[in-house]
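The next block holds one structure in the form of structure tokens; read it before the comments.
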Amino acid sequence: MKPPPFEYYAPASLEEALALMAEHGWDAKPLAGGQSLIPMMNFRLAQPEVLVDLNGVAGLGYIRPADDGGVLIGAMTRHKTVQQDSLIAERAPLLHEAMPKIATQQIRNRGTFGGSLAHADPAAELVSVSVVLDGRMRLQSAQGERWVAASDFFVSLFTTALEPEELLVEVHLPPAPARAGWSLQEVARRPHDFALMGVAAVVGLDEDGKCDFVRLSYLSAGDRPMEGQKAAAALVGEKPSAEAIRAAAEAGATLDIEPSDDIHATAEFRRHLANVLTRRALEEAFERAAG
Amino acid sequence: MSELFKLQVTVNGEVYEREVEPRLLLSDFLRHELGLTGTHVGCEHGVCGACTVLLDGEAVRACLMFAPQVHGREVVTVEGLGTIAEMHPLQQAFQEAHGLQCGFCTPGFLTSLIPFLEENPDPSEEEIREAISGNLCRCTGYVHIVEAVKLAAEKMSAT
Ligand SMILES: Cc1cc2nc3c(=O)[nH]c(=O)nc-3n(C[C@H](O)[C@H](O)[C@H](O)COP(=O)(O)OP(=O)(O)OC[C@H]3O[C@@H](n4cnc5c(N)ncnc54)[C@H](O)[C@@H]3O)c2cc1C
Ligand code: FES
Ligand code: FES
């Protein structure tokens, strides 16, 4: 199908873009890589009256070291750039490993970091990865700016903390704590498809080799990234033995997620996958944490 | 109706100027406004890869861009790769290795593979299969396409 008509603006600066968002508010949608928005418009699932194209806005695509040892990623940074960036590979290896799992190269040439987060599809890798990495989003409007933690940013299906006149401009990922490990596990029908089920994990060990913290976030497991809090509670303070990991995976797959049935998989099958994938993710993450 | 957008774009080395509705997809612009029907439209949601073109040298989905977004930029479609008399080595390889049957998917494979082979002049079979994973072919079963890419890599490194 063809997209419905809209008014098109291509601002050159962030000020101009924010002024357009302030003026058009609810009727306007920012256009980033277009790799989710344009399919939705072609299906007429989205019918914005105004499009504010961010592709010509100067200064929104970058990857920079942050003062705290983490990284800052501009909203318009393309998936391809994140994938190939050496600072990301060094300081956010979980993100580096996630990138090739996102769609195919042609999509990654256009799709953006900020667009994927603002789209808030609970099946998206970057959504769960930004949660377990403890990311923070910088939101800006003509009025000013605010920071929102990733775990508060994702509200429900395709819904974030963004107000209609706000733009996501930057994401901060803090440095990894000492003795931390990570993993991303998923099952998809074909490589590059959205995952039927997936889990991102970051874990930390204390000096005695006991589990200090566990952050888990499930993909395709509910209307938002589902945090594995019950799974984490089963592990913190314990030695990450095979039994403790098995118990945590069981808790995660039964208590932390709300998967549903669709044509690709039943909820029951998704819970089964969640159990297996949590176990694998925790095993790999603790192995890496032990270094 | 929304205001028309004055668009200037270079396609296959030629400069075009047109006034278009902003909602016109790049794929429809190429086919309907410029008559370049080598760019095929299969799904219009980014899955099949038939509409893939080169935008400033990068493979992108023409069905997931609006025509005004290529203002001032350079697009290459399958028509820009070679002529029937003088085919691109990649096109020759597809012909010789039977990398196509009906040909509907072929323009998207070719445009996706050009930047891939530039970056990976000597690809492994696994890398080739990864590179074509964003293009669907309902005829060949992919085996001959993979053969064609191997042959193209040989041809291109020989020249
Ligand atoms: C065939 C196909 C397969 C895919 N497979 C995967 C996959 O496996 N995993 C995955 O994670 N993704 C996948 N994607 C989606 C892809 O990653 C998109 O690039 C991404 O979801 C959206 O990013 P975008 O830059 O294209 O945003 P757009 O499509 O331009 O925008 C998406 C939404 O975010 C809003 N928005 C964009 N930028 C901002 C901003 N700065 N501030 C506020 N709002 C903003 C837009 O208004 C829109 O509502 C796939 C897409 C396709 C077409
Ligand atoms: S028509 Fe563009 S990807 Fe199928
Ligand atoms: S040759 Fe027919 S779809 Fe590929």
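Values reported hereafter were calculated over all heavy atoms of this structure, with side chains retained and with hydrogens, waters and symmetry mates removed.
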Checklist outcome for this item: Highest number of heavy-atom pairs under 4.5 Å with chain A among B/Pro115, B/Ser133, B/Gly46 belongs to B/Ser133
Checklist outcome for this item: Okay, B/Leu24 and chain A: the region with an atom under 4.5 Å from a heavy atom over there is neither
Item to check | Contact class of A/Asn42 relative to chain B, heavy atoms under 4.5 angstrom | outcome: side chain
Checklist outcome for this item: Okay, A/Met41 and chain B: the region with an atom under 4.5 Å from a heavy atom over there is side chain
Checklist entry - Does a salt bridge link A/Lys2 with B/Glu44, judged by any charged N lying under 4.0 Å from a carboxylate O? => result yes
Next on the checklist: Can you tell me which portion of A/Pro191 sits under 4.5 Å from chain B's heavy atoms? Options are side chain, backbone, both or neither.
Outcome noted: neither
Checklist entry - Quick one: do B/Glu33 and B/Arg18 make a salt bridge, cutoff under 4.0 Å? => result yes
Checklist entry - Ion pair present between A/Arg288 and A/Glu283, side-chain N to carboxylate O less than 4.0 angstrom? => result no
Item to check | Check: A/Arg91 side chain, A/Val71 main-chain N or O, donor-acceptor pair, under 3.5 Å | outcome: no
Item to check | Polar contact flag, side-chain donor to acceptor under 3.5 angstrom, B/Ser112-A/Gln106 | outcome: yes
Item to check | Evaluation steps, ring pair (Phe, Tyr, Trp, His ring centres under 6.0 Å), between A/His24 and A/Tyr9 | outcome: CA-CA 11 Å; A/His24 296 287; A/Tyr9 295 97; 5.5 Å; yes
Item to check | Per-residue contact mode, A/Leu37 against chain B (heavy atom under 4.5 angstrom) | outcome: neither
Item to check | Pick from A/Arg110, A/Gln105, A/Arg190 with the largest number of heavy-atom pairs that fall under 4.5 Å of chain B | outcome: A/Arg110
Next on the checklist: Does any backbone or side-chain atom of B/Phe116 lie under 4.5 Å from a heavy atom of chain A? Answer side chain, backbone, both or neither.
Outcome noted: neither
Checklist entry - Ion pair present between B/Glu154 and B/Lys150, side-chain N to carboxylate O less than 4.0 angstrom? => result no
Next on the checklist: Counting heavy-atom pairs under 4.5 Å with chain B, which one of A/Asp193, A/Thr104, A/Asn55 comes out on top?
Outcome noted: A/Thr104
